[in-house]
There are 2 protein chains.
Amino acid sequence: MEEFAALSGISRPTVSKYFHDPESVRSSTRARIEEALEKFDYRPNIYAVNQNRKLTKNIGIVVPYLADPFFAEMARYLEQSCIAAGYRPSLFSSHGEQKLENEILDSLRSLKPAGVLFAPLGRASDRAHIEKFCAEVPTVLFDSNLEGLGAAFIGSDNFSFVSQTVEYMTRTGEPPSFFEMRTPANPNANKRRKAYIEVMERLGFEPHVIKIDGEGWAFEEIGHQGALRVLEKGALRTNSVLCSNDRLAIGFLAACYEQGIRVGRTEECSFRVASNDDHPFAKFTCPSLTTAAHDYDNVAGCSVDTLFELIESGGKFDDRTETLFPARLVLRESA
Amino acid sequence: MEEFAALSGISRPTVSKYFHDPESVRSSTRARIEEALEKFDYRPNIYAVNQNRKLTKNIGIVVPYLADPFFAEMARYLEQSCIAAGYRPSLFSSHGEQKLENEILDSLRSLKPAGVLFAPLGRASDRAHIEKFCAEVPTVLFDSNLEGLGAAFIGSDNFSFVSQTVEYMTRTGEPPSFFEMRTPANPNANKRRKAYIEVMERLGFEPHVIKIDGEGWAFEEIGHQGALRVLEKGALRTNSVLCSNDRLAIGFLAACYEQGIRVGRTEECSFRVASNDDHPFAKFTCPSLTTAAHDYDNVAGCSVDTLFELIESGGKFDDRTETLFPARLVLRESA
DNA sequence: ATTAAAACTTAACGCGCGTAAAGTTATTAT
DNA sequence: ATAATAACTTTACGCGCGTTAAGTTTTAAT
């Protein structure tokens with residue numbers, strides 16, 4: 001930068017000021033710097049820049065499992081929103097591992113981020129570690145709520161998801177069984193089960209929860225295996241199933257197809273499957289998946305907006321807010 | 001660090017040495033540092049650490065589109081390999097945009113990475129920009145080859161993919177048409193088309209390439225729309241189709257299902273669909289997708305190994321090598 | 001015990017930049 | 001033209017650490 005300043009004929013502090021905010025220098029100075037910039041194409045080192053600044057433009061984005069298309073899509077949206085707002089996002093995936101999640105948070109401190117958008121692992125998260133992190137770095141939680149942690153939480157209203165799908169299925173056919181993993185990684189899954197039971201009881205039906213075994217993040221495979229077992233045992237009480245999430249449903253549909261069971265809402269079908277999330281590929285399952293869609297835009301948009309507010313208000317909110325967006329029922333062919 | 005050194009009773013340079021390599025200090029010193037470490041839990045700032053070091057442990061990983069499960073899976077493997085080797089990976093997605101790809105490379109310089117694993121956009125890449133970057137930073141290209149750029153290229157042998165699928169399909173049924181995007185983003189697509197034509201001619205069949213319209217990375221949707229049009233027009237010469245990649249095939253299968261066309265290799269099916277890639281979800285399509293699988297492990301493993309060699313040999317190879325791994329034909333139900 | 005080597009400490013500089021203070025020049029207002 | 005700002009330059013220090021050189025202590029070898 002010293003060199004570049006000399007070449008442009010401007011002092012280094014002024015050049016530094018220019019890079020912080022081009023509008024903060026006189027237009028004639030700006031012109032000279034930009035002229036030199038074209039000739040020598042210098043760029044400040046973004047990591048050194050943040051070394052001695054209280055407020056950086058860095059934002060950390062942490063998701064639990066990036067190979068899950070839901071989080072990949074979410075991350076894409078969040079990154080682009082941050083860039084549009086003039087921030088520099090850095091994306092991290094915990095790959096489903098607590099150890100990695102902790103390490104990511106630790107190394108995130110070095111980035112001195114202005115704020116962090118954080119979707120925790122959930123059940124596998126190290127609460128104490130995260131609590132400590134949130135106390136030091138302005139953090140907005142999304143997707144998966146850890147009670148009391150972070151300055152705010154933005155997510156989807158699981159009750160809205162399940163009540164819409166259950167009500168739709170019972171209104172247009174038989175009440176569904178609920179298909180889920182025995183030990184779900186994500187707290188949303190628990191809320192969905194509770195919502196299912198509550199809605200079923202309110203409607204005067206007996207809830208029927210099917211819990212399948214399986215660990216990790218290979219939900220399609222777990223759903224597939226689980227569905228084969230359920231179909232084989234004839235463990236279903238009615239002809240309709242509500243899956244806890246779309247990835248399980250993808251596995252369920254594959255199992256039905258293999259078994260020659262026609263799934264759908266038309267007359268020639270013997271079976272109906274619905275789900276929750278509106279996974280990016282839910283439109284392309286066979287049959288296409290009826291599902292309660294996350295309000296992607298609003299959840300992502302509200303998350304970044306909340307973080308920006310948090311940053312502007314000095315990293316602290318008076319009280320922790322929880323914002324939940326309702327689902328939008330997407331009727332396709334499977335139910 | 002100054003503080004921490006004082007607290008541990010060891011001089012700062014020695015503490016610094018410890019963090020660089022714990023084995024490089026006497027065991028008694030190491031014990032004292034680690035004791036203090038537990039009491040005060042200090043961590044060096046990873047970005048400041050790299051400031052004044054010629055050789056960092058940072059590795060950049062850049063993929064063209066992270067919301068594509070293929071790249072998500074690849075990135076996961078690469079990240080974990082780097083971590084296992086004691087490096088610190090940073091992951092970036094170009095989100096399909098040249099501008100972003102360029103910016104990522106620019107900001108990657110600030111990281112002073114020991115090396116970069118780079119899957120370029122392909123057709124949309126800014127060759128000159130990448131060339132300049134590769135001249136400064138040790139870079140290994142993977143997945144998508146840009147002739148002459150980077151110290152090495154590791155990818156899959158597209159000819160092996162297509163020859164296996166075409167030969168299998170012709171051997172067990174009718175020769176396939178080839179289904180692809182008119183203007184594919186990725187150079188692999190062009191190689192696959194050429195391979196298809198060559199193999200078909202060698203087998204004595206007339207190649208038949210179906211090009212569908214569409215831009216961007218929403219391949220399922222593009223494949224879906226394209227398939228509907230093709231099926232409507234009856235533009236197929238035989239009852240079998242080879243899709244350029246699995247994501248197009250997922251769209252194709254969805255279209256077939258909607259049209260009531262039974263796809264598969266059994267007798268009651270009127271149609272066969274095969275593809276290339278072995279996308280993580282290819283096992284869960286309906287019917288499950290017969291496809292030529294990338295050798296994920298070897299491509300990813302060889303990419304990191306090559307990069308480590310490159311780093312150890314000072315960032316330069318005598319000549320640029322291109323390593324291609326053959327496909328493994330995965331027979332499932334669709335063909 | 002003597003000695004050489006290994007490991008350490010102190011001191012100082014460097015990385016690439018932010019930032020504050022004091023002094024100088026340019027611009028705007030009157 | 002003059003004064004009051006605004007913007008700039010120079011100087012200097014700080015961030016959090018790597019790294020080197022010179023001197024001191026510890027350890028291992030004879």
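This is a predicted model, so every value here is computed, not measured.
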- Message: Angle between ring planes, A/Y42 versus A/F19, binned at 30° and 60°: parallel, tilted or perpendicular?
- Response: perpendicular

- Look at the side-chain N and O atoms of A/Y42 and state whether any lies under 4.0 Å from the OP1 or OP2 oxygen of C/dC17. yes

- Item | salt_bridge(B/R320, B/E322) N-O dist < 4.0 Å | yes

- Quick one: is C/dC17 close enough that its OP1 or OP2 comes under 4.0 Å of any side-chain N or O from A/S16? no

- Distance in angstrom units between B/N50 CG and C/dG14 C1', rounded: 15 Å

- Does the base of C/dG16 carry an N or O that pairs as donor and acceptor with the side chain of A/N45 under 3.5 Å? no

- Side-chain atoms of A/N52 come closest, of D/dG16, D/dC17, D/dG14, to D/dG14

- Message: With a 6.0 Å cut-off on the ring centroids, do B/F133 and B/F118 count as close?
- Response: no

- Message: I want to verify a distance call: between D/dT26, C/dT9, C/dT19, whose nearest atom is closest to the A/P13 side chain?
- Response: C/dT19

- When rounded to whole Å, the CG to P distance for the pair A/D21 and C/dG18 reads 13 Å

- Query: Taking atom P of C/dC17 as reference, at what distance in whole Å does atom CD of A/E3 sit?
  - Reply: 10 Å

- Task: Find the distance B/Q51:CD to C/dG18:C1' and express it as a whole number of Å.
- Result: 12 Å

- Please check if the side chain of B/T56 supplies one atom and the backbone of B/K112 the other of a donor-acceptor pair under 3.5 Å. yes

- Query: In whole Å, what is the span from the CG atom of B/L111 to the P atom of C/dC17?
  - Reply: 14 Å

- For B/H20 and D/dG16, give me the distance from atom NE2 to atom C1', rounded to whole Å. 16 Å

- Note on the structure: Of A/R26 and B/R12, the one whose nearest nucleotide on DNA chain D sits closer to the 5' end is A/R26

- Query: Has B/T14 got a side-chain N or O lying under 4.0 Å from the OP1 or OP2 atom of C/dT9?
  - Reply: yes

- Message: Check this one for me: any side-chain N or O of B/K112 less than 4.0 Å away from OP1 or OP2 of C/dG16?
- Response: yes

- Task: Calculate the interatomic distance between B/I33 atom CD1 and C/dC8 atom C1'; express it in whole Å.
- Result: 11 Å

- Message: Can you measure A/Y18 atom OH to D/dC8 atom P for me and round it to whole angstrom units?
- Response: 13 Å

- Message: By the 4.0 Å heavy-atom rule, please label A/T29 as base, sugar-phosphate, or nothing.
- Response: sugar-phosphate

- Message: Checking side-chain polar atoms at under 3.5 Å, does A/Q80 have a donor or acceptor matched by the opposite partner on B/H95?
- Response: no

- Message: Classify B/R30 by what it touches in the nucleic acid, base, sugar-phosphate, or nothing, heavy-atom distance under 4.0 Å.
- Response: nothing

